[in-house]
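All remarks here apply to the structure that follows.
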Amino acid sequence: MRREAVLMLLPLVLAACGGEPGASVDPDALLDESAPPPAGAAAPAARPSIPVDTAAAAGERPLLRESFAYRGGGRDPFRSLVNLTVSGPEMPDLVLVGVIYDVASPSQSVATFRETGSLRRHNVSPGQSIGRLYVASVLPASATLRMNDFGAVREQTYSLRTRENEDQ
């Protein structure tokens with residue numbers, strides 16, 4: 001392997017030294033540390049000792065390389081994190097149209113939301129979900145939805161429209 005590296009660097013060394021392309025240089029002489037340096041060459045600097053696997057270089061033992069095999073079964077890294085079929089409506093797409101509030105058991109209260117685009121209706125109680133939206137609470141005239149958007153929790157409270165607000 002070291003011989004191959006010397007052979008690859010030989011044209012660069014010749015060009016840097018101003019050697020002529022037709023001049024012959026023995027690569028074995030370059031590897032031999034006990035041989036005197038060629039005429040006009042600078043004294044070699046002390047080289048650090050680098051351990052070399054001579055058995056692998058000679059072909060007696062194959063070189064072992066680290067390998068990694070993907071066994072699958074995990075998530076496809078190119079697929080979107082938001083699955084549109086499960087995501088459901090977004091917060092701005094919903095309007096609170098009705099609330100049935102149970103004073104004796106507030107957890108049994110029901111809020112009715114309508115999607116603005118499709119007019120689809122969702123009847124939900126506290127603790128239920130509309131796609132990625134979680135119903136945090138239902139009060140007599142409002143409902144609060146919470147969405148965990150990859151670690152950032154957004155919360156929005158929807159209020160029923162009163163008769164005075166509908167005329168405007």
Side-chain angles (χ1 to χ4, degrees), residues 1-13 15-16 31 45-168:
M1 180 156 168
R2 187 171 169 166
R3 179 181 173 94
E4 294 167 354
V6 168
L7 289 176
M8 288 175 27
L9 291 174
L10 186 61
L12 294 173
V13 170
L31 289 175
R47 287 186 277 172
S49 172
I50 300 173
V52 177
D53 189 357
T54 56
E60 296 172 7
R61 183 176 64 217
L63 290 173
L64 299 176
R65 297 183 182 223
E66 183 178 353
S67 64
F68 175 77
Y70 180 71
R71 295 190 180 131
R75 200 178 94 48
D76 180 9
F78 298 105
R79 193 177 73 222
S80 174
L81 290 173
V82 179
N83 187 354
L84 295 178
T85 59
V86 179
S87 66
E90 296 292 324
M91 284 185 178
D93 298 335
L94 293 175
V95 176
L96 181 64
V97 293
V99 173
I100 300 173
Y101 187 73
D102 188 359
V103 178
S105 178
S107 64
Q108 299 298 319
S109 300
V110 176
T112 302
F113 289 93
R114 182 159 293 190
E115 291 183 38
T116 55
S118 65
L119 300 180
R120 187 172 170 206
R121 198 174 54 201
H122 302 278
N123 298 325
V124 289
S125 296
Q128 292 182 336
S129 296
I130 306 172
R132 297 187 307 152
L133 304 174
Y134 172 78
V135 181
S137 66
V138 176
L139 299 173
S142 65
T144 303
L145 296 180
R146 190 176 295 151
M147 180 173 75
N148 186 351
D149 197 13
F150 304 112
V153 178
R154 291 183 9 201
E155 192 171 281
Q156 183 169 345
T157 301
Y158 295 85
S159 298
L160 285 174
R161 292 172 55 177
T162 60
R163 292 279 181 210
E164 297 88 33
N165 292 341
E166 288 181 2
D167 296 334
Q168 295 175 355

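Values reported hereafter were calculated over all heavy atoms of this structure, with side chains retained and with hydrogens, waters and symmetry mates removed.
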According to side chain to side chain donor-acceptor pair (under 3.5 Å), who are the partners of [X], at least two apart in sequence or on a separate chain?
{"X": "Ser159", "value": "none"}
{"X": "Ser109", "value": "none"}
{"X": "Arg120", "value": "none"}

- Query: ring-ring contact (aromatic ring centres under 6.0 Å, His included): which pairs involve residues 101-120, sequence neighbours left out?
  - Reply: Phe113-Tyr158
- Pairs touching residues 114-133 that satisfy ring-ring contact (aromatic ring centres under 6.0 Å, His included), sequence neighbours left out: none
Determine the minimum heavy-atom distance between [X] and [Y], stating which atoms define it.
{"X": "Pro140", "Y": "Leu160", "result": "O-CD1, 4.3 Å"}
{"X": "Leu94", "Y": "Pro89", "result": "CD2-CG, 3.9 Å"}
{"X": "Thr157", "Y": "Ser142", "result": "CG2-CB, 4.1 Å"}
{"X": "Met91", "Y": "Arg146", "result": "CE-C, 4.1 Å"}
{"X": "Pro126", "Y": "Pro106", "result": "CG-O, 4.0 Å"}

- Message: Distance check, rounded to the nearest 0.5 Å: Asn148 atom CG versus Arg154 atom CZ?
- Response: 11.0 Å
- Could you tell me the separation between the CG atom of Leu96 and the CG atom of Leu145, rounded to the nearest 0.5 Å? 8.5 Å
- Query: Under the side-chain contact (heavy atoms from CB on, under 4.5 Å) test, which residues partner Asn123, sequence neighbours left out?
  - Reply: Val110, Thr112, Arg121
